[in-house]
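These notes are about the structure you will find just below.
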Amino acid sequence: MATEGKSSRPWAILVAVLALLGGALAFQLHRASGSAAPARTVNIAGIAYPYEGRQVYNGLTGIIIQQGWLKQELAKRGVELAFTPIPTAVGGPLINEGFSGKRIDFASYGDFPAIIAVSGGVPLKLVAPVGQGQNSYLVVRNGLPAKTIADLKGKRIALHRGRPWELPFSKLLDANGLKLSDFTIVNINPSATPAALASGNVDATFLLSDGLLLEQRGVGRVIWSTKQAPADWRMRAELFGRGDFVDHHPELTQIVVNAFVRAAAWSALEEHRAEVIHQASRGALPEAIVAKDYAESGIAWRDRFSPIFTPDIAGHYRSVADYTYARGLVRNKVDVDALIDQRFVPNALRDLKLDRFWSAGSAAAAAPAPVSTGKNS
C-alpha cells in the first residue's frame with residue numbers, strides 16, 4: 001500500500017501542474033479575447049405610465065411582459081430579466097444616461113435621442129425596427145384662421161426642441177421654403193402646451209398624437225399631420241442595444257430580439273387590434289385618440305408591426321444624422337451603417353417560423369405621399 005502511494009505521487013503532482021497550466025492558459029486566452037463575464041441580468045428600459053396604481057409599459061414592451069416568454073427563456077440560462085420604467089417627459093435623455101452608465105442593456109425609443117447618444121460616444125446598435133413610425137400633428141389655437149404652416153409665419157409655435165418630432169417639423173418648413181427663424185419658437189414640454197395654447201401664449205404647437213387630444217378637448221384644431229407626407233417624415237422608435245452588450249452577448253441579444261419579433265407578430269394579428277389599442281392607451285391617451293392616430297395612414301394593420309429592415313430605415317436614420325449635425329445639435333456626425341445591426345432579425349423570423357408573415361417590402365409601408373404644404377385635407 002505504501003509503495004503504491006509513493007509511486008502514484010509523481011503522477012498526481014504532474015496532473016496538478018498540468019491543471020494549473022491549463023487554467024492559466026485559459027485565463028490568458030480569456031483576457032486576450034476580451035470576453036465579458038457572463039451576464040446575470042438583462043435590463044430593458046421602456047416608456048411607462050402610471051395606471052391604476054402601478055407603472056405600465058405600452059407598445060411591444062408591454063406585450064413582452066404580458067407574454068412572459070422572454071423571462072422564461074432567460075431563466076433557462078440563469079439570467080434574470082429586469083425592466084426600467086422611464087417617464088415619457090424625460091424619456092430620451094434618461095434612457096441615454098442609462099445606456100451611458102451601463103445600467104440598461106436595451107431600450108425601445110426614438111430616433112432623435114438615439115442619434116444624439118451615438119454622436120456623444122455611446123456605442124448603440126439598432127438591432128430591430130419597431131413599427132412604422134409615429135405621426136406628428138400641427139395644431140393651431142382656436143380663433144386663429146391659419147390653414148397652412150405658411151400662415152403661421154411670424155407666430156409663436158410651441159416645439160419641444162431636441163425631441164423626435166423636431167425633424168418632421170423641420171422637413172415641413174423646408175418643403176415650404178421656411179426656416180425656424182421665421183417663427184418665434186417656444187421651447188416647452190408637451191405637458192405645458194395645452195395651457196399655453198388655451199391661454200393664447202402660443203399660436204400653434206407641433207406634437208405627436210397628443211395633438212389629436214388637444215383637438216378632441218376643444219383647445220385647438222389640427223391643420224396638418226405627417227399622414228399627408230412621405231413615410232420617412234414619421235418619427236421612428238426602434239429596439240436599440242448597448243453596443244458592448246450586443247457584441248459580448250449575441251446569444252442573449254438574439255433572445256431579446258426574438259421576444260420583440262414575437263410580440264410584433266402577436267400585435268399584427270387583426271383579432272388583437274382592440275387589445276393592442278387598449279394597451280397603448282393605458283395611462284397615456286384615450287383609446288379613441290390612439291385609434292384615430294392609427295387610422296387613415298395607408299398602412300395595413302399587419303405591416304404596421306413589421307420588424308424587417310429596409311433601405312428606407314437606413315435612409316431615415318441618415319436624414320436624422322444629417323439634421324442633428326447640420327443644426328449643431330451634435331458635434332460628431334453618426335455613421336448610420338455602423339449603427340444598424342441586421343444580424344438578429346432574420347434569425348428571429350426563421351426561428352419563430354415567421355419568414356413569410358411579413359412581406360419583404362412591408363416595412364416601407366405605404367407609397368410616399370405627395371408633400372403637403374401644410375393644409376389640412
Side-chain angles (χ1 to χ4, degrees), residues 45-47 58-61 86 88 91-93 95-96 99 106-119 122 124-137 160 162-172 206-211 225-241 257 260-261 263-264 267-268 280 290 293-294 297-300 303-325 329-330 334-342 344-345 358 361-369:
I47 300 299
N58 65 7
L60 298 187
T61 303
I86 304 293
T88 183
I95 289 174
N96 283 349
F99 273 133
F106 297 94
S108 177
Y109 78 133
D111 45 21
F112 228 67
I115 288 292
I116 290 173
V118 174
S119 176
V122 181
L124 297 184
K125 295 288 186 180
L126 195 173
V127 293
V130 176
Q132 297 296 331
Q134 294 176 262
N135 287 304
S136 304
Y137 297 86
H160 202 192
R163 301 300 292 273
W165 50 93
E166 182 176 335
L167 180 60
F169 181 73
S170 174
K171 288 186 175 183
L172 177 61
F206 198 78
L207 298 166
L208 295 180
S209 52
D210 40 355
S225 81
T226 46
K227 293 179 182 180
Q228 301 164 235
D232 178 64
W233 287 30
R234 290 193 295 269
M235 172 211 134
R236 293 195 61 90
E238 326 290 355
L239 176 63
F240 290 91
V257 171
F260 272 84
V261 173
S267 302
V290 176
D293 183 45
Y294 282 157
S297 59
I299 305 172
D303 290 344
R304 182 177 297 282
F305 301 94
S306 172
I308 297 175
F309 282 100
T310 69
D312 288 346
I313 292 175
H316 174 83
Y317 277 86
R318 288 192 180 94
S319 71
V320 179
D322 290 343
Y323 178 81
T324 53
Y325 183 70
L329 298 174
V330 299
V334 171
D335 180 358
V336 172
D337 292 332
L339 171 68
I340 294 177
D341 191 337
Q342 301 190 44
F344 304 100
V345 168
W358 291 284
S362 64

Can you tell me how far the [atom1] atom of [X] sits from the [atom2] atom of [Y], to the nearest 0.5 Å?
X	Y	atom1	atom2	value
L239	F260	CG	CZ	4.5 Å
Q342	D337	CD	CG	9.5 Å
I116	D111	CD1	CG	9.5 Å
H316	T310	NE2	OG1	11.0 Å
S225	L207	OG	CG	12.5 Å
Y323	I115	OH	CD1	14.0 Å

Smallest separation among heavy atoms of [X] and [Y], with atom names:
X	Y	result
F240	A114	CZ-CB, 3.5 Å
A45	I86	CB-CG1, 4.0 Å
A117	L124	CB-CD1, 4.0 Å
A268	F305	CA-CD1, 3.6 Å
S119	V330	OG-CB, 3.1 Å
A321	V336	CB-CG2, 4.1 Å

So, do [X] and [Y] sit near enough that their side-chain heavy atoms are less than 4.5 Å apart?
X	Y	value
I299	Y294	no
W165	T226	no
L167	M235	no
W233	S136	no
S319	D232	yes
F112	L329	yes
P129	V345	yes
F106	T61	no

Under 3.5 Å: donor-acceptor pair, side chain of [X], backbone of [Y]:
X	Y	value
D210	L208	yes
R234	Q132	yes
N96	P113	yes

Discussion item. Angle between ring planes, Y109 versus F99, binned at 30° and 60°: parallel, tilted or perpendicular?
Written reply: tilted
Worksheet entry | Y325, OH: over 12 other non-hydrogen atoms inside 6.0 angstrom | no
Worksheet item: Passes side chain to side chain contact (heavy atoms under 4.5 Å, CB included), F206 versus E166? Steps please.
Response: CA-CA 8 Å; F206 198 78; E166 182 176 335; over 6 Å; no
Practice prompt. Check ring-ring contact (aromatic ring centres under 6.0 Å, His included) between Y317 and all other residues, then give those that pass, not counting sequence neighbours.
Written response: none
